[in-house]
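The structure presented is a predicted model; accordingly, all values stated were derived computationally and were not measured.
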Amino acid sequence: QVQLVESGGGLVQAGGSLRLSCAASGLTFSRYSMGWFRQAPGKEREFVATINWSGSFTIYADSVKGRFTISRDSAKNTVYLQMNNLRPDDTAVYSCATDPGISTTRDQRDYNYWGQGTQVTVSP
C-alpha cells in the first residue's frame, strides 16, 4: 500500500524559506517519478514541480521557477521541495503525488497516489 506523508509546512513571512518533505512507503521509491502540487483556498489544484526517478530531470511551474527546488533522497525514500523567497500567493496546501506508470508530468490526472497535504501560509 503506497503511502505519502508530507511535513514541513507552516507560517512564514514573505521573503522567507521553507523546506517540505514527502516520505514515501509501500513502493520502490527509486523507480518512481514524484510531483508536488498545491491548492490555494477557492482555487483549483495546480502543478508545482516534478522530478524523475533518478533526480536527473525536473520540471517547474513558471510561477515558482528560480525560487523552488525539488530534490529526492532515495536512501530516505523522501522527496523535498525547497521554497525560497516565498510570496503571499504561494499560500496553499502542498501535496506530493506519484504513480507507477508515469514519467515526469505536470498533469495531475496522471497521478493516482496522493499525500494528505501540508499547509503553507505566507504573510505579507
inquiry  = Rounded to the nearest 0.5 Å, what separates atom CG in Leu27 from atom CD in Gln3?
reply    = 10.5 Å

ask   = Under 4.5 Å between any side-chain heavy atoms of Ser123 and Thr121, yes or no?
value = no

message = What I'd like to find out is whether the side chain of Ser74 reaches to under 4.5 Å of the side chain of Arg72, using heavy atoms alone.
response = yes

ask   = Hey, does the side chain of Thr105 reach the backbone of Asp107 with a donor-acceptor pair shorter than 3.5 angstrom?
value = yes

ask   = How many angstroms lie between atom OG1 of Thr58 and atom CE of Met34, to the nearest 0.5 angstrom?
value = 14.5 Å

task = Would you check if there is a donor-acceptor pair between the side chains of Tyr111 and Thr50 at a distance under 3.5 Å?
result = yes

ask   = Heavy atoms, side chains only, cut-off 4.5 Å: are Ser21 and Glu6 in contact?
value = no

ask   = What closest approach, in Å, do Ser17 and Asn85 show between heavy atoms, and which atom pair accounts for it?
value = OG-N, 4.3 Å

ask   = Where do Leu81 and Tyr94 come nearest, in terms of heavy atoms and distance?
value = CD2-CD2, 4.1 Å

query = With the 4.5 Å side-chain cut-off for hydrophobic clustering, are Val2 and Phe29 part of the same group?
reply = yes

ask   = With a 4.5 Å heavy-atom cut-off, do Asn84 and Phe68 have their side chains touching?
value = no

Straight-line distance of Gln119 CD to Arg38 CZ, nearest 0.5 Å = 12.0 Å

ask   = Under a single-linkage definition using a 4.5 Å side-chain heavy-atom cutoff for Ile, Leu, Val, Met, Phe, Trp and Tyr, are Phe37 and Leu86 assigned to the same hydrophobic cluster?
value = no

message = For Ile70 versus Tyr60, what's the shortest heavy-atom pair and its separation?
response = N-OH, 2.9 Å

Side-chain donor-acceptor pair present, Gln108, Asp110, cut-off under 3.5 Å = no

ask   = Considering only heavy atoms from C-beta outward, does the side chain of Tyr113 approach that of Pro100 to under 4.5 Å?
value = yes

inquiry  = Are there over 12 heavy-atom neighbours, none belonging to Arg31, within less than 6.0 Å of that residue's CZ?
reply    = no

Nearest atoms (heavy-atom pairs only) where Trp36 meets Leu20 = CH2-CB, 3.7 Å

key: Minimum side-chain heavy-atom gap Thr104-Ile51 below 4.5 Å   = no

ask   = Between the side chains of Arg19 and Tyr80, is a donor N or O closer than 3.5 angstrom to an acceptor N or O?
value = no

query = When you measure from the side chain of Asn112 to the backbone N and O of Asp99, does any donor-acceptor pair fall under 3.5 Å?
reply = no

ask   = Hey, what do you get for CZ (Phe57) to OG (Ser103), rounding to the nearest 0.5 Å?
value = 7.5 Å

request  = Measure across Pro88 and Pro124 and return the closest heavy-atom pair with its distance rounded to 0.1 Å.
outcome  = CG-CA, 4.0 Å

task = With Arg45 as the cation and Trp114 as the aromatic partner, state whether NZ or CZ is under 6.0 Å from the six-membered ring centre and within 45° of the axis.
result = yes

query = Roughly how far, to the nearest 0.5 Å, is the CG atom of Asp90 from the OG atom of Ser63?
reply = 7.0 Å

key: Nearest atoms (heavy-atom pairs only) where Gln116 meets Leu4   = OE1-O, 3.6 Å

